There are 2 protein chains.
Amino acid sequence: MTVTIYDVAREAGVSMATVSRVVNNNPNVKPQTRKKVYEAIERLGYRPNAVARGLASKKTTTVGVVIPDIANANFAEVARGIEDIANMYHYNIILCNADKRKEKEIRVINTLLEKQVDGLLFMGGVVTDEHIQAFNTSNVPIVLCATTDEKGTMPSVDIDHETAAYDAVRKLIGEGHTRIAMISGTLQDPANGYARYQGYKRALEESGIALDESLVRVGNYRYESGIEAVQYFLELGERPTAVFAATDEMAIGAIHGIQDAGLSVPEDFSVIGVDNIRMASMVRPLLTTVAQPMYDIGAVSMRLLTKLMKKENVEQARVTLHHELIVRNSVAPRG
Amino acid sequence: MTVTIYDVAREAGVSMATVSRVVNNNPNVKPQTRKKVYEAIERLGYRPNAVARGLASKKTTTVGVVIPDIANANFAEVARGIEDIANMYHYNIILCNADKRKEKEIRVINTLLEKQVDGLLFMGGVVTDEHIQAFNTSNVPIVLCATTDEKGTMPSVDIDHETAAYDAVRKLIGEGHTRIAMISGTLQDPANGYARYQGYKRALEESGIALDESLVRVGNYRYESGIEAVQYFLELGERPTAVFAATDEMAIGAIHGIQDAGLSVPEDFSVIGVDNIRMASMVRPLLTTVAQPMYDIGAVSMRLLTKLMKKENVEQARVTLHHELIVRNSVAPRG
DNA sequence: CTGTTAGCGCCTTCAT
DNA sequence: ATGAAGGCGCTAACAG
């Protein structure tokens, strides 16, 4: 049924070892022999069995990527960065989704490890002690991609979320706003949640603006929660004039919530987000936001992983990439 | 270094076979023995090696999913359907992206086959003869998911794109529109391209509306091409009053292009799309569109694949799921 | 209910 | 430059 290396060897009149060599591009094969083997492979339609190869060589040349949330808009771009570098180093990558459920994330990590991947990328979710515990059972390197662990013990590639938020709010303050609301993520989320909230607080503090807790709403990162938050803000006695959303998707919800109430962005209300998802350019007005270098986050984390897999020594295992304010049309000076 | 089934056997004072049995939930093990083995596993931190297991059993309990375009908005929802069913049948799924490049799609298919997946899902891309040829070298079942091959030789799960387009255009006609433009996909794409164009033509024909080729623009499925198309329409002497876009993303581009020109949707211009991507509800006005049952497409195709993998006999290997018109706010009667 | 024994398809020394 | 042979870690009959 299935044709094996042995069949090819017989067909070509050589030994299995030789076939193995040509399949693996080992230079120690006479060109003529190589040709014979290739012909036999062609004739028989031989396809190497990666499972057997993995068992024998103890390497699978594949890295597993766990995606806590496949619907996350950042994901595709990060994945592209990962893949480009992976291809460059001849690794296959396999993606596994975990639906944002911690239990499933752990399960997926274990599945990938059982499959003997040569390395693991954990992308953009919250990293708990349970995760760390699962990571610790691994004897292949793991790097966090677009996230970090609080303790800072794992290799990781991410931006400085606190400063990103800080810069966004500074932009609003720079335009003269003082009543600045925030639509936050859950504060249990260190990166997209807590850190961004801290950045908001710091920017206000530095400008001598008192923090007004009634101006902070916790959302769930989704569009709808942006709408809800803004509806709440609009009913406040003393309305804010600007809102900082911890993610673009919530920022876009905010824009629409404001527009649905008959107000205009940015004339009546300025809105700024973080992430620079593709949709930020697919909304009216175009969203002003702080861009994360998604592609680079993916590329750099994969590059870091290749080094770790090759046991090259890396100077800096926690890298922080730069974010950038993207000025578009959703922020205006206070009227 | 790595602990194997053999180590566990020694530690528990049983044979490898017994350890294998408990790991695989074979009922033929005395509870007491089972307990001993579990304890040994715990003590040693044993993790089964899926590669070795795959080689020995000739099954990997994993199915590969090739994703021609990871940025495609439908993808996440389809993937969710696939996964839910896969979990139900205890299959792991591994995703492989191919960046919409045919050459890479073929490569990914081969990689997955080399990895000895038990089945393959090819999701939503154009299926060429080269694809078919690659599929034919497989000795595991393959099903097309959210796409079909022209010849109709492969198992597949999809909607009827021609009728979906037809229904969308009928809706426009029902509202009194007669000058109806279309933003099409590339006509080489049988499903999202050609079939939807055919549906457009049929709807016009049936209503006695002459096809005006100047009202058809070919886009590339992306937002920007929706904007461009509509800019072109707006410069026409006799403007259309409604536009049918072959995909929601182009439809949303159309909405914004119209708005950017100072006109209103749907007052000045009706817009309808196909797909019902999540963003269709994240735009103003909300997009009227024809919904594809993405989750179901994923779920049904995975279910079909499980049957094929178990060699159960399936009555109908090409299934067509129903689409549905979702009336929202982007279509109005002709003014 | 448990142990023994062959492989699964390939890589990898070690000879030659 | 090539071949022979011993595993890699596990499953699957087959015996008992």
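What you see is a predicted model, and the numbers here were worked out from it, not measured in a lab. Every chain is numbered from 1, with letters handed out A, B, ... down the list of sequences.
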Between N or O atoms, less than 3.5 Å apart, protein on one side and nucleotides 2-5 of chain C on the other: list the pairs.
residue	atom	partner	partner atom	Å
C:dT2	OP1	B:Thr33	OG1	2.2
C:dT2	OP2	B:Lys30	N	2.7
C:dT2	OP2	B:Thr33	OG1	3.4
C:dG3	OP2	B:Ser15	N	2.9
C:dG3	OP2	B:Ser15	OG	3.2
C:dG3	OP2	B:Thr18	OG1	2.7
C:dG3	N7	B:Arg21	NH1	3.4
C:dG3	O6	B:Arg21	NH2	2.4

**OP:** Could I get the full list of ring pair (Phe, Tyr, Trp, His ring centres under 6.0 Å) partners for A:His161, not counting sequence neighbours?
**Re:** none
Original post:
Separation of B:Lys36 atom NZ from C:dC1 atom P, in whole Å?
Top reply: 14 Å
Original post:
So, is B:Lys58 near the phosphate of C:dG9, with a side-chain N or O under 4.0 Å from OP1 or OP2?
Top reply: yes
Original post:
Pairs in or reaching into residues 75-115 of chain A: which pass ring-ring contact (aromatic ring centres under 6.0 Å, His included), with residues at least two apart or in two chains?
Top reply: none
Original post:
Looking at residues 40-57 of chain A, who's got a heavy atom less than 4.0 Å off DNA chain D?
Top reply: A:Leu55, A:Ala56
Subject >> Qualifying salt bridge (Lys or Arg N to Asp or Glu O under 4.0 Å) pairs with a residue from residues 108-128 of chain B, counting only residues at least two apart or across chains >> reply: none
**OP:** Calculate the interatomic distance between A:Lys115 atom NZ and D:dG9 atom C1'; express it in whole Å.
**Re:** 15 Å
Subject >> Angle of first-five versus last-five pair axes in the helix from C:dC1-D:dG16 to C:dT16-D:dA1, to 10 degrees >> reply: 30°
Please output the side-chain donor-acceptor pairs of residues 305-319 of chain B that fall under 3.5 Å, not counting sequence neighbours, one pair per line with the distance.
residue	atom	partner	partner atom	Å
B:Thr306	OG1	B:Arg303	O	2.5
B:Thr306	OG1	B:Arg303	NH1	2.7
B:Gln316	OE1	B:Arg318	N	3.4

Original post:
Distance only, no hydrogens: is a donor on one side chain within 3.5 Å (strictly under) of an acceptor on the other, for A:Asp84 and A:Tyr295?
Top reply: yes
Original post:
What residues, two or more places apart in sequence or in another chain, satisfy ring pair (Phe, Tyr, Trp, His ring centres under 6.0 Å) together with A:Phe135?
Top reply: A:Phe122
**OP:** Would you kindly give the CG-to-C1' distance between B:Asn26 and C:dC1, to the nearest whole Å?
**Re:** 10 Å
Subject >> N or O in side chain of B:Ser20 less than 4.0 angstrom from D:dC10 OP1/OP2 >> reply: no
Original post:
Quick one: B:Gln116 CD to D:dC10 C1', roughly how many Å, whole number?
Top reply: 16 Å
Original post:
When the distance from NZ of A:Lys59 to C1' of D:dG7 is rounded to whole Å, what number comes out?
Top reply: 17 Å
**OP:** Apply the side-chain hydrogen bond (donor to acceptor under 3.5 Å, both in side chains) test between A:Tyr221 and each candidate in A:Asn192, A:Asp69, A:Asp189; give the one that qualifies.
**Re:** A:Asp189
Original post:
Please give, in whole Å, the distance from C:dC10 C1' to A:Asn24 CG?
Top reply: 9 Å
Subject >> Pairs satisfying salt bridge (Lys or Arg N to Asp or Glu O under 4.0 Å), at least one member in residues 128-148 of chain B, at least two apart >> reply: B:Lys102-B:Glu130, B:Asp129-B:Lys151
Original post:
In chain order, what residues pass the side-chain hydrogen bond (donor to acceptor under 3.5 Å, both in side chains) check against A:Lys104, with sequence neighbours excluded?
Top reply: B:Glu83
**OP:** Please state how far atom CZ in A:Arg10 lies from atom C1' in C:dG9, giving the value in whole angstrom units.
**Re:** 15 Å
Side-chain donor-acceptor distances from residues 8-30 of chain A under 3.5 Å, at least two apart:
residue	atom	partner	partner atom	Å
A:Glu11	OE2	A:Arg43	NH1	2.3
A:Ser15	OG	A:Ala17	N	3.4
A:Ser15	OG	A:Thr18	N	3.4
A:Ser15	OG	A:Thr18	OG1	3.4
A:Ser20	OG	A:Asn24	ND2	3.4
A:Asn24	ND2	A:Ser20	O	2.8
A:Asn26	OD1	A:Asn28	N	2.8

**OP:** For residues 135-148 of chain B, pull every pair meeting side chain to side chain donor-acceptor pair (under 3.5 Å), keeping only residues two or more places apart or in separate chains.
**Re:** A:Arg47-B:Thr137
**OP:** Figure out the CD1/C1' separation between A:Ile5 and C:dC11, and round it to whole Å.
**Re:** 8 Å
Original post:
Between A:Thr2 and C:dG9, does any side-chain N or O lie under 4.0 Å from OP1 or OP2?
Top reply: yes
